[in-house]
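Take a look at the structure set out below.
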Amino acid sequence: MRALSRLIQGRILFLTICAAGIGGTFQFGYNLSIINAPTSHIQEFTNETWQARTGEPLSDHLVLLVWSIIVSLYPLGGLFGALLAGPLAVTLGRSTSKYCCIGN
C-alpha cells in the first residue's frame with residue numbers, strides 16, 4: 001500500500017514538473033515573438049531618433065547593439081513591474097494603482 005502511494009506521488013510530481021516546463025516554455029516563446037515582431041520598426045525608430053538628435057545616423061552594428069540592449073532589458077522590466085504591482089495595489093488600492101503609472 002505504501003509503495004503504491006509513493007508511486008502515485010511520484011507520478012503526480014512528474015506530471016507537475018512537465019506541466020510547469022511546458023507552460024514556462026510557452027510563455028517564454030510568446031514573449032519572444034511579441035518583442036521580435038516589431039524589430040524593424042523599433043530599429044528604424046531608434047535610428048531616426050538618433051539622427052534627429054545628433055544629425056548622423058547610426059551604423060548598422062550600433063543599431064543592432066541598441067536593439068540587443070532593448071531586448072535584453074525587456075524581461076527585467078517585466079520582473080520589476082511584477083515585483084512592484086503587488087505593493088502598489090496594497091498601498092494605493094487596485095483602481096488607483098492601475099492609473100498612477102500611466103499618467104491619468
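Values reported hereafter were calculated over all heavy atoms of this structure, with side chains retained and with hydrogens, waters and symmetry mates removed.
- Two residues are said to be in side-chain contact when any heavy atoms from C-beta on lie closer than 4.5 Å; W67 and T39 meet this criterion.
- Every residue two or more places apart in sequence or in another chain that forms a side-chain contact (heavy atoms from CB on, under 4.5 Å) with L65 is listed here: L62, I69.
- For the pairing with L58, the side-chain contact (heavy atoms from CB on, under 4.5 Å) check across T49, N47, L64 returns one residue only, N47.
- Scored by the side-chain hydrogen bond (donor to acceptor under 3.5 Å, both in side chains) test, S72 finds no partners at all (sequence neighbours excluded).
- Grouping Ile, Leu, Val, Met, Phe, Trp and Tyr residues whose side-chain heavy atoms lie under 4.5 Å apart, directly or via other members, leaves F45 alone, with no other cluster members.
- Every residue was checked against the side-chain hydrogen bond (donor to acceptor under 3.5 Å, both in side chains) condition with H41, not counting sequence neighbours, and none meets it.
- Remark: I12 engages I8, T16 in a side-chain contact (heavy atoms from CB on, under 4.5 Å) (not counting sequence neighbours).
- For T54, the side-chain hydrogen bond (donor to acceptor under 3.5 Å, both in side chains) partners two or more places apart in sequence, or in a different chain, are W50.
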